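Some notes on the structure that comes next.
Numbering of residues begins at 1 and proceeds along the displayed sequence. Note that this is a predicted model, so its numbers are computed, not measured.
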Amino acid sequence: MTGLRIGTGYDVHRLAEGRKLILGGVEIPFGRGAVAHSDGDVLLHAVCDALLGALALGDIGQHFPPTDPAYAGISSLLLLERTVRLAASRGYRIVNLDATVIAQSPKLAPYIPAMRETIAQAVGMDVDAVSVKATTEEKLGFTGRGEGIAAEAVVLLEKAE
Ligand code: MG
């Protein structure tokens with residue numbers, strides 16, 4: 001493999017009453033949350049997929065199958081840590097990552113600093129190299145109607161010397 005690798009990730013989860021909303025490892029009081037086998041952290045799932053994509057190692061569903069009871073309710077921070085270790089085992093470290101959460105509500109801006117800190121700490125990166133953004137889709141589509149939440153991520157890896 002060459003010195004630099006880039007990958008993208010995208011994930012969606014349905015939202016339902018009475019579930020926790022966890023984004024970037026941070027629990028956000030909302031009253032609705034992601035329907036998922038794991039904790040449904042759509043942001044971290046997109047980041048994991050970006051990492052796996054950069055390494056051409058498949059996707060999160062292959063590495064952490066939703067049919068495996070071992071991953072029931074698991075914190076996606078653990079999935080992220082394992083994925084980063086996998087990259088490290090191939091000789092790669094993250095240069096930077098950039099992610100966007102797409103949701104009509106709640107307002108995510110107040111939680112973004114905590115998400116960046118949590119992700120940076122989990123993967124052992126400088127917080128300056130971890131970008132998290134949020135947007136709505138102007139009440140259009142499934143995110144606009146509040147039926148679901150989406151996230152996309154881009155990660156750049158470099159071969160550690
Ligand atoms: Mg997911």
Side-chain angles (χ1 to χ4, degrees), residues 5-28 30-87 92 94 96-109 111-112 114-123 125 129-157:
R5 307 279 299 197
I6 194 166
T8 75
Y10 178 72
D11 194 31
V12 170
H13 282 273
R14 189 179 294 277
L15 287 171
E17 305 286 331
R19 304 273 311 187
K20 284 183 180 173
L21 181 62
I22 298 171
L23 292 172
V26 176
E27 188 173 339
I28 295 166
F30 184 44
R32 307 178 72 216
V35 178
H37 183 63
S38 68
D39 67 355
D41 191 325
V42 72
L43 170 54
L44 295 189
H45 294 180
V47 171
C48 287
D49 256 355
L51 281 162
L52 294 169
L55 296 160
L57 286 176
D59 61 41
I60 191 171
Q62 290 169 248
H63 289 266
F64 311 108
T67 48
D68 187 337
Y71 302 118
I74 195 171
S75 167
S76 296
L77 284 168
L78 293 175
L79 304 184
L80 177 62
E81 285 166 15
R82 287 182 201 180
T83 308
V84 169
R85 277 207 296 275
L86 181 64
Y92 282 85
I94 303 172
N96 74 303
L97 71 88
D98 181 24
T100 303
V101 181
I102 303 151
Q104 190 62 42
S105 60
K107 281 275 171 259
L108 296 175
Y111 303 99
I112 283 178
M115 291 182 208
R116 293 177 62 209
E117 286 286 351
T118 302
I119 294 168
Q121 206 161 33
V123 304
M125 285 171 69
V130 179
S131 166
V132 176
K133 310 185 299 300
T135 188
T136 74
E137 289 186 306
E138 298 285 341
K139 299 191 175 169
L140 296 168
F142 71 86
T143 69
R145 291 187 296 269
E147 295 165 5
I149 188 164
E152 56 181 34
V154 178
V155 170
L156 184 67
L157 301 182

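Not a single donor-acceptor pair under 3.5 Å links the side chain of Asp11 to the backbone N or O of Ala151. Without hydrogens or angle criteria, Arg5 side chain to Gly53 main chain gives no donor-acceptor distance under 3.5 Å. Without hydrogens or angle criteria, Asp39 side chain to Ser76 main chain gives a donor-acceptor distance under 3.5 Å. With hydrogens and angles ignored, the 3.5 Å screen pairs no side-chain donor or acceptor of Gln121 with any backbone N or O of Thr118.
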Check against side chain to side chain contact (heavy atoms under 4.5 Å, CB included), His63 and Leu52 = CA-CA 9 Å; His63 289 266; Leu52 294 169; 3.6 Å; yes

For the pair His45 and Ser38, evaluate side chain to side chain contact (heavy atoms under 4.5 Å, CB included) and give the outcome as yes or no after the intermediate values.
-> CA-CA 10 Å; His45 294 180; Ser38 68; 3.2 Å; yes

Test side chain to side chain contact (heavy atoms under 4.5 Å, CB included) applied to Leu21 and Ile149, step by step | CA-CA 10 Å; Leu21 181 62; Ile149 188 164; 4.2 Å; yes

Just do the side chain to side chain contact (heavy atoms under 4.5 Å, CB included) check on Tyr92 and Leu55 with the steps written out, would you?
-> CA-CA 9 Å; Tyr92 282 85; Leu55 296 160; 3.8 Å; yes

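Annotation for Val132 and Arg116: closest pair CG2-CG, 3.9 Å, computed over non-hydrogen atoms. Closest non-hydrogen pair, Leu157 versus Ala54, comes out as CD1-CB, 3.7 Å. Counting all heavy atoms, side chain and backbone alike, Ile28 lies closest to Pro106 at CG2-CG, 3.9 Å. Here the shortest heavy-atom pairing between Gly61 and Pro66 reads O-CD, 4.1 Å. Closest of all the heavy-atom pairs between Ile74 and Arg82 is CD1-NH2, 4.1 Å. Of all non-hydrogen atoms in Leu15 and Ala34, the two that sit nearest each other are CD2-N, 3.9 Å.
With values rounded to the nearest 0.5 angstrom, His13 atom NE2 is found 10.0 Å from Leu23 atom CG. Atoms OG1 and CD, from Thr100 and Glu152 in turn, are 5.0 Å apart once rounded to the nearest 0.5 Å. Taking CZ from Arg19 and CZ from Phe30, the interatomic distance works out to 14.5 Å, rounded to the nearest 0.5 Å. How far NZ of Lys139 is from CD of Gln104: 6.0 Å, rounded to the nearest 0.5 Å. Note that CE of Met115 is 11.5 Å distant from CD1 of Ile22, once rounded to the nearest 0.5 Å. Note: Phe64 CZ to Asp59 CG = 11.0 Å, rounded to the nearest 0.5 Å.
Summarising the local packing, CD of Gln62 is surrounded by more than 12 heavy atoms from other residues, nucleotides or ligands at distances under 6.0 Å. Other residues, nucleotides and ligands contribute only 12 or fewer heavy atoms inside 6.0 Å of the CZ atom of Arg14. Residue Glu81 places its CD atom among more than 12 non-hydrogen atoms of other residues, nucleotides or ligands, all under 6.0 Å distant. The number of heavy atoms from other shown groups lying within 6.0 Å of NZ (Lys133) is above 12.
Two residues are said to be in side-chain contact when any heavy atoms from C-beta on lie closer than 4.5 Å; Ile94 and Val155 meet this criterion. Taking the side chain as every heavy atom from C-beta outward, Leu97 and Leu156 never approach each other to under 4.5 Å. Side-chain atoms of Leu43 and Ile119, non-hydrogen and from C-beta on, do get closer than 4.5 Å to each other. At least one side-chain heavy atom of Leu44 sits less than 4.5 Å from a side-chain heavy atom of Leu77. Looking at Leu80 and Val123, their side chains come closer than 4.5 Å, going by heavy atoms from C-beta outward.
Of the candidates Thr136, Thr143, Val42, Ile102 forms a side chain to side chain contact (heavy atoms under 4.5 Å, CB included) with just one, namely Thr143.
Judged by distance alone, the side chains of Thr67 and His37 never bring a donor and an acceptor atom under 3.5 Å apart.
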